[in-house]
Amino acid sequence: EAGVVQSPRYKIIEKKQPVAFWCNPISGHNTLYWYLQNLGQGPELLIRYENEEAVDDSQLPKDRFSAERLKGVDSTLKIQPAELGDSAVYLCASSPSGGADTQYFGPGTRLTVL
Amino acid sequence: SQQGEEDPQALSIQEGENATMNCSYKTSINNLQWYRQNSGRGLVHLILIRSNEREKHSGRLRVTLDTSKKSSSLLITASRAADTASYFCATDPGNTGKLIFGQGTTLQVKP
């Protein structure tokens with residue numbers, strides 16, 4: 001069974017440019033998460049989806065970040081415009097349902113903003 | 001905001017030795033999870049311990065939980081070079097799937 005797939009794995013952009021990350025969760029997993037991981041830190045939740053509904057986006061900086069999960073499967077996270085401080089690893093995870101289910105993480109996208 | 005804090009931040013041991021990592025958290029929990037992250041990779045779930053459990057084993061891993069002290073420990077016995085990674089504890093205070101991670105312990109196992 002394929003795990004969580006993310007692309008691209010690496011992205012380097014100039015500040016003020018837009019950038020998008022894509023995530024394909026494990027088949028059948030209803031819950032999808034986007035996390036931000038700064039260097040030397042643990043991941044921090046940005047947004048959580050139950051199917052296509054964003055049930056927790058309280059930590060998403062909505063002035064520049066947006067996300068969508070069309071048809072309750074794949075998801076895209078966008079930053080527009082990117083700032084230097086956005087350089088980090090963006091992790092996607094999925095679980096069969098919410099609650100205490102184990103979360104399965106993708107390899108992440110490492111973003112560098114110059 | 002980080003719920004958990006791991007101690008030590010970094011640990012270096014020889015292959016075959018045991019490694020112990022500690023995690024402290026702030027609020028009441030339903031369960032606590034430990035994850036491993038190899039360099040440049042995503043996180044891998046290791047073990048979940050519920051608030052009514054005191055100890056749990058999985059292979060070479062032993063996790064303890066002391067809810068009165070709001071702390072947990074992860075013991076890796078007979079460590080291997082392949083155990084070199086960062087280890088994170090995570091809690092879900094609201095049992096909603098919103099995991100709050102600690103800062104992690106970076107373990108290096110020297111062959």
Side-chain angles (χ1 to χ4, degrees), chain A residues 2-10 21 23-26 29-51 53-60 88-112, chain B residues 1-10 21 23-26 28-53 56 58 63 65 72 74 85-107:
Chain A
V4 176
V5 179
Q6 291 188 247
S7 69
R9 290 293 313 279
Y10 305 91
F21 314 123
C23 173
N24 178 236
I26 292 173
H29 281 194
N30 295 323
T31 309
L32 184 145
Y33 313 79
W34 283 103
Y35 287 88
L36 164 70
Q37 185 176 25
N38 287 305
L39 187 65
Q41 302 289 317
E44 297 183 47
L45 182 70
L46 289 173
I47 190 168
R48 175 168 65 94
Y49 282 93
E50 294 288 347
N51 298 303
E53 181 183 358
V55 295
D56 185 354
D57 63 356
S58 57
Q59 301 296 104
L60 190 72
V89 175
Y90 292 82
L91 295 164
C92 179
S94 70
S95 65
S97 62
D101 272 352
T102 296
Q103 296 184 22
Y104 297 83
F105 283 79
T109 296
R110 181 176 297 276
L111 173 67
T112 301
Chain B
S1 63
Q2 305 265 309
Q3 155 83 315
E5 293 190 4
E6 275 100 335
D7 170 56
Q9 288 191 349
M21 291 158 265
C23 167
S24 59
Y25 56 92
K26 299 175 183 175
S28 297
I29 60 171
N30 294 303
N31 64 72
L32 185 143
Q33 303 181 40
W34 284 90
Y35 284 80
R36 182 187 74 229
Q37 185 177 34
N38 291 85
S39 180
R41 310 289 289 276
L43 282 78
V44 174
H45 181 262
L46 294 176
I47 197 165
L48 180 152
I49 186 167
R50 303 191 186 283
S51 60
N52 62 352
E53 298 176 307
K56 200 164 184 179
S58 177
V63 169
L65 179 65
S72 175
L74 170 67
S86 292
Y87 292 82
F88 296 91
C89 66
T91 59
D92 181 5
N95 205 35
T96 60
K98 180 177 180 177
L99 288 179
I100 302 178
F101 288 84
Q103 294 184 322
T105 293
T106 299
L107 172 66

> Going by distance alone, is a donor N or O of one side chain under 3.5 Å from an acceptor N or O of the other, for A:Tyr35 and A:Gln37?
Replying inline: no

> Which bit of B:Gln37 is near chain A, if near means a heavy-atom gap under 4.5 Å: side chain, backbone, both or neither?
Replying inline: side chain

> Which atoms of A:Tyr104 come close to chain B, meaning under 4.5 Å heavy atom to heavy atom: side chain ones, backbone ones, both, or neither?
Replying inline: neither

> Got more than 12 heavy atoms from elsewhere within 6.0 Å of CZ, A:Arg9?
Replying inline: yes

> What do the steps show when you test B:Leu99 against A:Tyr33 for side-chain contact (heavy atoms from CB on, under 4.5 Å), and what is the final call?
Replying inline: CA-CA 10 Å; B:Leu99 288 179; A:Tyr33 313 79; over 6 Å; no

> Are more than 12 heavy atoms from other residues, nucleotides or ligands located less than 6.0 Å from atom CD of B:Glu53?
Replying inline: yes

> Of the backbone (N, CA, C, O) and the side chain (C-beta and beyond), which part of A:Gln6 lies under 4.5 Å from a heavy atom of chain B, both, or neither?
Replying inline: neither

> Where on A:Thr109 is there a heavy atom nearer than 4.5 Å to chain B: the side chain, the backbone, both, or neither?
Replying inline: neither

